[in-house]
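Structure first, commentary second.
Numbers restart at 1 for each chain; the letters A, B, ... are given by sequence-line order, proteins then strands.
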Amino acid sequence: MAKKAPSIDTKNLTAVQLMELDSCTRCGECVKWCPTYAASGQNPGLAPRDKILRWREFMNKSYGIKAKLFGPTEIPQSELEEFKDDVHSCTTCGICATVCESGINTVELWEALRANLVKKGIGPYGKQNAFPKVIGQYHNPYMKDQKDRLNWVPADVKIEDKADIVYFTGCTAGYNQLALAFATSRVLNKLGIKFAMLGEEEWCCGSALIRTGQAHINDVPRQLAKHNVEALKKKGAKKVLYACAGCFRASKVDWPRLLGEELPFEVIHVAEFLAGLIKEDKVKWVKPINKTVTYHDPCHLGRHVGVFDAPRYVLSHIPGVKFVEMENSKEFQRCCGAGGGVKAGLPDLALGVAESRVKDAVEINADILSSCCPFCKRNLSDGRDSLKVDIVVEDVIEMVAEALGLETS
Amino acid sequence: MVYFSGLSDALRMTFVQIMILSAIAIVIFLYGMIGNLQKWGTGVTGYALEPKEGQKGSAIRFLKTWWAQVTAESHHSGKPILEILILDILFQRRILKRSGLRWFMHICIFAGWMSLFALSGLMFSVEMTEMIGIKLPFTAAVFREWLAIPNYIFGYILLIGVIIAVIRRLFVSEVRQASIMYDWILLAGVFIITISGFIADGIRTGFIWSFGLDPSAAPPAALFHSIISLLFCIAYIPYSKYIHVIATPLAILANKGGE
Ligand code: SF4
Ligand code: SF4
């Protein structure tokens, strides 16, 4: 009789990740910090520790010593489906990795588990499964015409045809959150920075596909990365500026991995670029912002890549700004709730997390809750509206534009 | 606390038993460890890859993948290996950053456990050396006396850690509620080994932990302690939560000290 096949396989799961499952000491630190576990009313299935334990059991049932001796134990499909729901109820914020006493790289683990299940035909979650088709076809997740990529550019903004510096707008800022695109381009113009843009040659960065475990479907993210890198090279890019934390992370971490080579240009977030100009005394402020301002670290900018200080440096140099820190900040920041496909797949969960974050800012009496990502801004604004509290949610770059006397509309 | 290794005059009878038990414990450990390495080695060697059709788990694949990750460049954290070994693995600063009490508990168990294990090993090798007729400047009996004080010190360090762990798990509601059998077995094992070590030594010396028991009970008590130590400390590691003593340092090294 043929041996039963295991119910799971190890596609996308590295040998080290499988070992990490056994390194969890079940200390529970990650459970204390997980924002989606908290926002779900402490649904035990969402706790990072629980997810690790469950997959470890799945592994033991399929490939452990007992399975080797007596054959694998079947895992009911319902358990795998339930696991899929839980592993997608995660914003990939990474705080569980930061606090993990065993140093487990949980974000990579969640993404690998998602991809593993998607390859098995289990998942992703809800509307997330539309991403590959939509992004593959339209090259942006909003089903907009690529020809309209630069429709937002106002007459006063000067864009070079080719330049050392290229501003990668991102789909969200380029189609929906135009204030950020206005602010970034006008600030660069005002500071005398010559920059080019990709226009209709700018394709989605692929973040939504990678985060939701769908990177393999039709090879879309790799094609997006390849196309973007080629287009950036054609523009003569030596430095590529990003005002979106999601695109920044995808370009910095995911593109080189997808392409199997280092990028031929530097990847910089606009906040880092501006901090450099301020240090060189090249920024002449024209208007104070007399407000109490706090800063929310986007997970993809902070914990994922380590950019914590530059946005704070910029904010603290804007005249009039009284900078205050929220209790959970920098590497211990609480997520906004939008990342990892949660905004698209589980909007209620995203909103619950956003409300907690807005409350953090309200608690310290901030007038402005700033961030460095249009996606964070969108979800934090939703959280603010649902709580009906009086706080402005604004991007750091928009504040810089204001302090330089520039319009953001 | 003196760790019985089965070679002293009074306990000579148990020598063969101990040797057989040690060998069995090691075989069980190795079998389980190879099983784990093969289980880990069912994984792929890099990002987004897929195992080949019909590919079996391989310990070598695991070790190669692990080493490649340890030596790869990191875009983010990336601390020197020596720093990770000393601060993250030996000093366990990741636990200290999260909770002083939990760190104290864990470091007591870790330092007590490892030191007693090393001292027992040392005692065993001295006795073996004597057995095969190599002359040392001291006898095994003298060496045993020298180790008495360090054994007591590390024994009590271990005991403090174990008592904190038991109290936390029994009386801190958050910890108790989250506990599963997997956690209880680990703790029960460490607890029984520690207490039985103290009792075995107490009976032998007639001091504090003897509970008025006749010294003739010393050999079986010591034997019991040795057996469960061998079973829990060695044989049971690959099959239980004890596997973290191997997997956690490997994970910390692979992830360059963690985020
Ligand atoms: S990455 Fe964030 S949301 Fe996901 S399990 Fe970890 S702490 Fe929870
Ligand atoms: S913090 Fe790490 S070691 Fe602790 S329970 Fe969570 S995953 Fe496991």
Per-residue contact mode, [X] against chain A (heavy atom under 4.5 angstrom):
X       : value
B:Leu49 : backbone
B:Arg93 : neither
B:Gln92 : neither

Between [options], who has the most heavy-atom pairs with chain A when the cutoff is under 4.5 Å?
options                              : value
B:Glu174, B:Gln69, B:Arg98           : B:Arg98
B:Ile180, B:Asn36, B:Val175          : B:Ile180
B:Trp40, B:Tyr31, B:Phe62            : B:Trp40
B:Asp88, B:Ile246, B:Val245, B:Val44 : B:Val44
B:Ala68, B:Ala178, B:Ser58           : B:Ala178

Are any of the side-chain nitrogens in A:Asp22 or B:Lys241 under 4.0 Å away from the carboxylate oxygens of its partner?
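Here A:Asp22 does not pair with B:Lys241 in a salt bridge, since their nearest N and O are not under 4.0 Å apart.
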
Salt bridge or not for B:Lys97 and A:Glu101, using N-O below 4.0 Å?
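No salt bridge links B:Lys97 with A:Glu101.
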
Would you confirm whether [X], through its side chain, and [Y], through its main-chain N or O, come within 3.5 Å as a donor-acceptor pair?
X       : Y        : answer
A:Ser23 : B:His244 : no
B:Thr65 : A:Val16  : no
B:Arg61 : A:Ala15  : no

Heavy atoms, side chains only, cut-off 4.5 Å: are B:Tyr239 and A:Ile65 in contact?
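Result yes, sub-4.5 Å side-chain heavy-atom pair found.
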
